[in-house]
Amino acid sequence: MEIILQKNVIKAIKSLYNEDVNPEQILVQATRKEFTGDLTVNVFPFIKQVKRSPEIAAEEIGKYLKENLDIVDSYNVIKGFLNISISSEYWLKGLYENKTETAVKKETVVLEFSSPNTNKPLHLGHVRNNLLGESLARILLADGFDVKKVNLVNDRGIHICKSMLAWQKWGNGITPETSGKKGDKLVGDFYVLFDKEYKKQQEELISQGLTKEEAENKAPLILEAREMLLKWENDDKEVISIWKMMNRWVYAGFDITYRNLDISFDKIYYESETYKLGKDTVLKGIQSNVLIKKSDGSVWADLTENKLDEKLLLRSDGTSVYMTQDIGTAEMRYNEYKPEKMIYVVGNEQIYHFNVLKIVLEKLGFDWAKNIVHFSYGMVELPEGKMKSREGTVVDADDLIDEMVATAREMSTELGKLEDFSSEEKENILRIIGLGALKYFILKVDPKKNMVFNPKESIDFNGNTGPFIQYTYARINSLKTKADDEGILEYKQYPAGITPNDKEISLIKMLRQFESVKKESAQKLSPAIIANYAYDLAKEYNQFYHDFIILKESGELRNFRLYLSEQTGRIIKEAMWLLGIEVPVRM
RNA sequence: GGUUCUGUAGCUCAGCUGGAUAGAGCAACGGCCUUCUAAGCCGUAGGCCACAGGUUCGAGUCCUGUCAGAAUCACCA
């Protein structure tokens, strides 16, 4: 509709002033609430060309539009702004049009997210990553992309060796079964234990006169861990078997967390299976003189011409680093899917890493490297700052989910809801609500910004929240159920004698926006745009619901309002789906 | 020190490619359940959009500088 108006403004200018203007000069936007009208044309961008004062030009164009466009009902001019009212009939028709054109692009996008390390359980930071990843996948899918969700499990490296070593030294053969602990938690405990003992050794060495850096590199524990990594890369039987066992524990733990968050993947890569390819590629890079081998055997990429430093790709002992395995993974992934785009959902702390990755891949001759997109999101912080695992301030993912559901339960009991439900149904609804609160809380903020989470205040269930939107849906659903009970079934036809009121029109307008909101969120890779839209829509509907009677109305008006409600519910549900949030039929 | 990101109400966040008098929620205060779900609706109060310049008809938005916070610049991942 904006486009129709835009074209006609161009026509108007041509016929009134005999001037040609570009479409970009015609700004059509929604009229602000304080003014009457639906759409506003701003005359300033072309005011010089038409040689009129803003008021006169706006007035003349408005007059032209009213005479030549039947959808234009009336207009008014304030300063240089031409506010146009679209006929309510046009809005009403729009609501009843069934437009189901699904844009099919079928370009493949590989979307990597989650990417946990196997040495500790998932925490709030990972939760943000997972929720963003899952939501982006759905948003891109809805925009017509063929999305492959992939997870890259970081199952090798020095960090795993630390947990393994600690378990070997102090674990006394403990397992998840004997301890009753979730596997990822148990392994995480040993990682923390390693760090504690390692710190002790460092302090000891520092007191003997070593510098901090020397102490970090000479502590017996770290030497043992490095040795273990070397053994691992040389397929040492014992090391491999501990590694397999402990990873198995971790995966069992992760599976539970993923399931609780409704996260799934099309494909899981393991770095233990991709790093060798990376190593090979790096070695080839030396032969073709793209990379440098130093006298101690370490391999580097010289990035000084890109205004960056030198970057290590293989250690002097021949073992690979993070970058090495990411090269291999990217290559493997590209060969497997030949995607148009590879998106990595990884925190903003790794911006530098991905810059380097792209440059190195390009140097190595992979022209698809330019299609790599690092979707970098901000950190989740506590009111007192960053989460520190060593200080025990990490917010554990499983605990957080449990707390959210518990809060939902308290609220529900207090409000006296859900009393007539079976316990099974009730639990499911509480899960939907608790999880909805958590997911919405995280997804509504602009991904690139850091966000603050206050565990003491816990997440709200009122106001701009997931449950607010879910509640709106439940209300609508309840209307439909009641309509059903009363035998109101034929309500979907165009209502002949109805003139929608202002609130109804603004609801219809908002529903129309959904398509462009979806597109925008896909282009900008931002679930927050969907989240904020869903909230605005729910708020608008609640006002409508409060101010007007729906089912107790009669005839066409009742049918129209019921239909309008149903459409709102449908879009709320779809918007929430795009966020990975379920909506309950009752709450 | 270099690079990147952020700075909007007491708190948590919106603010579309520059557009009219900067918006929500929470917290505070005051109203609304004999009518479809009050997890709701309405109202009051709360702002030098970090600061200073610049670009122009017009700047929270773009440019430059300053200040503050964060991340990163590892033979960690």
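Every chain is numbered from 1, with letters handed out A, B, ... down the list of sequences.
Pair assignment for B:C48 gives none, since no Watson-Crick or G-U wobble pairing has each distance under 3.5 Å. Base pairing of B:C33: no nucleotide in any strand meets the Watson-Crick or G-U wobble criterion (both distances under 3.5 Å). Using N1 to N3 plus N6-O4 or O6-N4 for Watson-Crick, or N1-O2 and O6-N3 for G-U wobble, each under 3.5 Å, B:G18 pairs with nothing. In this entry B:U12 has B:A24 as its Watson-Crick or G-U wobble partner, both defining distances falling under 3.5 Å. Nucleotide B:U72 has B:G2 as its partner under the Watson-Crick or G-U criteria, with both atom distances under 3.5 Å. With a cut-off of 3.5 Å on both Watson-Crick or G-U wobble distances, the partner of B:G53 is given as B:C63.
Looking at A:E553 and A:R561, a side-chain N of the basic residue comes within less than 4.0 Å of a carboxylate O on the acidic one, giving a salt bridge. Salt bridge A:D420/A:R586: present, at least one basic N to carboxylate O contact under 4.0 Å.
Residue contacts for A:Y473: at a heavy-atom cut-off of 4.0 Å it reaches no nucleic acid atom on any strand shown. If you check every strand for non-hydrogen atoms under 4.0 Å, A:F468 touches sugar and phosphate atoms only. In this structure, A:E553 reaches neither bases nor backbone, as no heavy-atom distance under 4.0 Å exists between it and the strands shown.
The phosphate of B:G23 has OP1 or OP2 within less than 4.0 Å of a side-chain N or O from A:R32. For A:K482 and B:U37, the shortest distance from a side-chain N or O to OP1 or OP2 is below 4.0 Å. For the pair A:K539 and B:C42, the criterion of a side-chain N or O lying under 4.0 Å from OP1 or OP2 is met. Not one side-chain nitrogen or oxygen of A:K444 sits closer than 4.0 Å to the OP1 or OP2 atom of B:G25.
Taking the C1' atoms as reference points, B:G18 lies 12 Å from B:C57, given to the whole Å. B:C48 and B:C42 have their C1' atoms separated by 31 Å, given to the nearest Å. Going from the P atom of B:G60 to that of B:A20 covers 9 Å, rounded to whole Å. Spacing of C1' atoms, B:C11 relative to B:A45, comes out at 16 Å, to the nearest Å.
With its ring centre under 5.5 Å from that of the base six-membered ring and a plane angle below 30°, A:F35 counts as stacked on B:A20. Per the stacking criterion (ring centres < 5.5 Å, plane angle < 30°), A:F44 stacks onto the base of B:G19. Judged by centroid separation below 5.5 Å and plane tilt below 30°, A:F81 stacks onto the base of B:A20.
Listed candidates were B:A38, B:A39, B:A71. Nearest to the side chain of A:P467 is B:A39. In the set B:A38, B:C13, B:A77, B:A38 carries the atom at the smallest distance from any side-chain atom of A:Y545. For A:S316, the side-chain atoms get nearest to B:C75 when compared with the rest of B:C75, B:G19, B:C42. The side chain of A:Y471 lies closest to B:G40 when the candidates are B:G40, B:C73, B:A20. Nearest nucleotide to the side chain of A:M451, out of B:C13, B:C36, B:A39: B:C13. Side chain of A:K552, nearest nucleotide from B:U35, B:C13, B:A39: B:U35. If you check B:C75, B:C13, B:C41 against the side chain of A:S298, the one that comes closest is B:C75.
Among all heavy-atom pairs drawn from A:M387 and A:V394, the shortest one is SD-CA, 4.0 Å. Closest non-hydrogen pair, A:K524 versus A:I529, comes out as CD-CD1, 4.0 Å.
Taking atom CD of residue A:E381 and atom P of nucleotide B:C5, one finds them 17 Å apart after rounding to whole Å. Nucleotide B:C76 holds its C1' atom 12 Å from the CD atom of A:E349, rounded to whole Å. Atom pair A:L443:CG and B:G25:P shows a separation of 21 Å (rounding to whole Å applied). Nucleotide B:U17 holds its P atom 7 Å from the CD atom of A:E520, rounded to whole Å. Taking atom NZ of residue A:K449 and atom P of nucleotide B:G69, one finds them 19 Å apart after rounding to whole Å. One can place CG of A:D547 at 14 Å from C1' of B:G43, the figure rounded to the nearest angstrom. Taking atom CG of A:L312 as the reference point, atom P of B:C73 lies 13 Å away to the nearest angstrom. Protein atom CG of A:N462 is 19 Å distant from nucleotide atom P of B:U37, rounded to whole Å.
Side chain A:K417 to base B:U37: a donor-acceptor pair is found below 3.5 Å. On a pure distance criterion of 3.5 Å, no polar donor-acceptor pair joins the side chain of A:N542 and the base of B:G40.
If you run side chain to side chain contact (heavy atoms under 4.5 Å, CB included) between A:L221 and each of A:E197, A:K162, A:K199, only A:E197 comes through.
Cation-pi geometry between A:R128 and A:Y377 is not met at under 6.0 angstrom from the ring centre and within 45 degrees of the axis. By the 6.0 Å and 45° rule, A:K311 does not stack over the aromatic ring of A:W300.
At least one donor-acceptor pair closer than 3.5 Å links the side chain of A:Q6 to the backbone N or O of A:I26.
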